[in-house]
Amino acid sequence: MAEENKFIYCTNCGNKLVTIEDSIKSTTENFKEAVKNNETYKSFTDNSYDENYRVDFDNRDMINFIQKKEEYYIPKFKEIQELYKSTSWNWAAFFFNSWWFLYRKMYAIGFGLIIADLVIGVLIPSLSLITSIAIAVISGLYGNIAYLKHIQNQLISFTKMDDDIKQRLILDKGGVNIAIPIILVIITIGFLLLIGALGTFLFMFSSPYYY
């Protein structure tokens, strides 16, 4: 009976009314469930390893694929694989998160994080800061693992190709892409400047002292 009194009922028809708190709770739960079922999220946080899927770090293809900072990533990857680590901290992924994923050519994750941050900021502005912090922490924790899986998937897709074609694809698909992050930073700065200019313009015209 006490549980029944928690609900609010319509005085006309007797049906239970949905409160704002119930609506917010339901929306949040549905959003969380949708995120968990998203393929990008599953790929990003799935840390399971198959013994047949383990990397040979003596293979030059991996070093050729990484191209930059292989002296950092190879020991990290060995540690992840040999110790079956579920997390491996990366400061660059923590500070730059989506930009770092784009820089390392993990476009699905990079753009996915940007879109998720924007969508949550628009739909639930009060969670915008929390979401940004969460994305930064998750990127820092799982960035190296996501990058290792990305390299594994790419190298496996090249195994049945002729060596000259494979090497060209490794050089093309591997390495880094500085152009996309820079372009997005310029677009972001331009957008913020535009918003600031519009805000100043509207303030001036709405001011009682403007003639």
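Computed from a prediction, not measured in an experiment: that's the story for all the values here. For the numbers below, each heavy atom of this structure counts, side chains included, while hydrogens, waters and symmetry mates do not.
Partners of Asn64 by side-chain hydrogen bond (donor to acceptor under 3.5 Å, both in side chains), not counting sequence neighbours: none found. For Gln67, the side-chain hydrogen bond (donor to acceptor under 3.5 Å, both in side chains) test picks out no residue, with sequence neighbours left out. Evaluation of the ring-ring contact (aromatic ring centres under 6.0 Å, His included) rule for Phe77 yields Tyr73, Tyr147 as partners, not counting sequence neighbours. Applying the salt bridge (Lys or Arg N to Asp or Glu O under 4.0 Å) test to Asp117 and every residue at least two apart in sequence or in another chain returns nothing. Checked against salt bridge (Lys or Arg N to Asp or Glu O under 4.0 Å), Glu70 has no partners two or more places apart in sequence or in another chain.
Note: the hydrophobic cluster containing Leu129 also contains Phe96 (ILVMFWY, side chain heavy atoms under 4.5 Å, direct or indirect links). Ile186 and Val176 fall within a single hydrophobic cluster, where Ile, Leu, Val, Met, Phe, Trp and Tyr side chains are chained together by heavy-atom contacts under 4.5 Å. Hydrophobic cluster membership differs between Val122 and Leu184, with clusters built from Ile, Leu, Val, Met, Phe, Trp and Tyr side chains linked at under 4.5 angstrom. Under the 4.5 Å side-chain heavy-atom criterion for grouping Ile, Leu, Val, Met, Phe, Trp and Tyr, Leu171 is not connected to Ile74 through any hydrophobic cluster.
Side-chain atoms of Lys105 come within 3.5 Å of backbone atoms of Gly174 as a donor-acceptor pair (strictly under, hydrogens ignored). For the pair Lys173 (side chain) and Phe65 (backbone), a donor-acceptor distance under 3.5 Å is absent. Under the 3.5 Å distance criterion, the side-chain polar atoms of Thr159 are matched with a main-chain donor or acceptor of Ile156.
His150 NE2 to Tyr107 OH: the interatomic distance, rounded to the nearest 0.5 Å, is 8.5 Å. The structure places CG of Leu113 at 11.5 Å from OG1 of Thr131, a figure rounded to the nearest 0.5 Å. Rounded to the nearest 0.5 angstrom, Lys78 NZ and Leu148 CG are separated by 12.5 Å. Atom CG of Leu193 and atom CD1 of Ile189 lie 7.5 Å apart (nearest 0.5 Å). To the nearest 0.5 angstrom, Ile138 atom CD1 is 12.0 Å from Phe94 atom CZ. With values rounded to the nearest 0.5 angstrom, Leu155 atom CG is found 11.0 Å from Leu169 atom CG.
The local environment of CZ in Phe158 is crowded, with over 12 non-hydrogen atoms from other residues, nucleotides or ligands closer than 6.0 Å.
A side-chain contact (heavy atoms from CB on, under 4.5 Å) with Leu102 is found for one member of Ile182, Ile178, Ile180 and no other, namely Ile180.
Shown here for Ser139 and Phe101, the closest heavy-atom pair between the two residues is OG-CE1, 3.6 Å. Arg104 approaches Ile66 most closely through the heavy-atom pair NH1-O, 3.2 Å. Across every non-hydrogen atom of Ser98 and Gly110, the tightest pair is CB-O, 3.5 Å.
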Task: Candidate pair Asn144 and Ser88, rule side-chain hydrogen bond (donor to acceptor under 3.5 Å, both in side chains), full reasoning - done: CA-CA 6 Å; Asn144 287 331; Ser88 175; 3.0 Å; yes
TODO: Mind running side-chain contact (heavy atoms from CB on, under 4.5 Å) on Lys69 and Glu71 for me, showing each step along the way?
DONE: CA-CA 5 Å; Lys69 296 291 184 181; Glu71 70 278 5; 3.7 Å; yes
- [ ] Would you check, one step at a time, whether the test side-chain contact (heavy atoms from CB on, under 4.5 Å) holds for Asp61 with Lys166?
- [x] CA-CA 9 Å; Asp61 289 346; Lys166 182 177 75 171; 3.0 Å; yes
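For residues 180-197, the set of pairs meeting the side chain to side chain donor-acceptor pair (under 3.5 Å) definition, not counting sequence neighbours, is empty.
Note: Trp89 and Trp91 have perpendicular aromatic rings, judged against thresholds of 30 and 60 degrees for the angle between ring planes.
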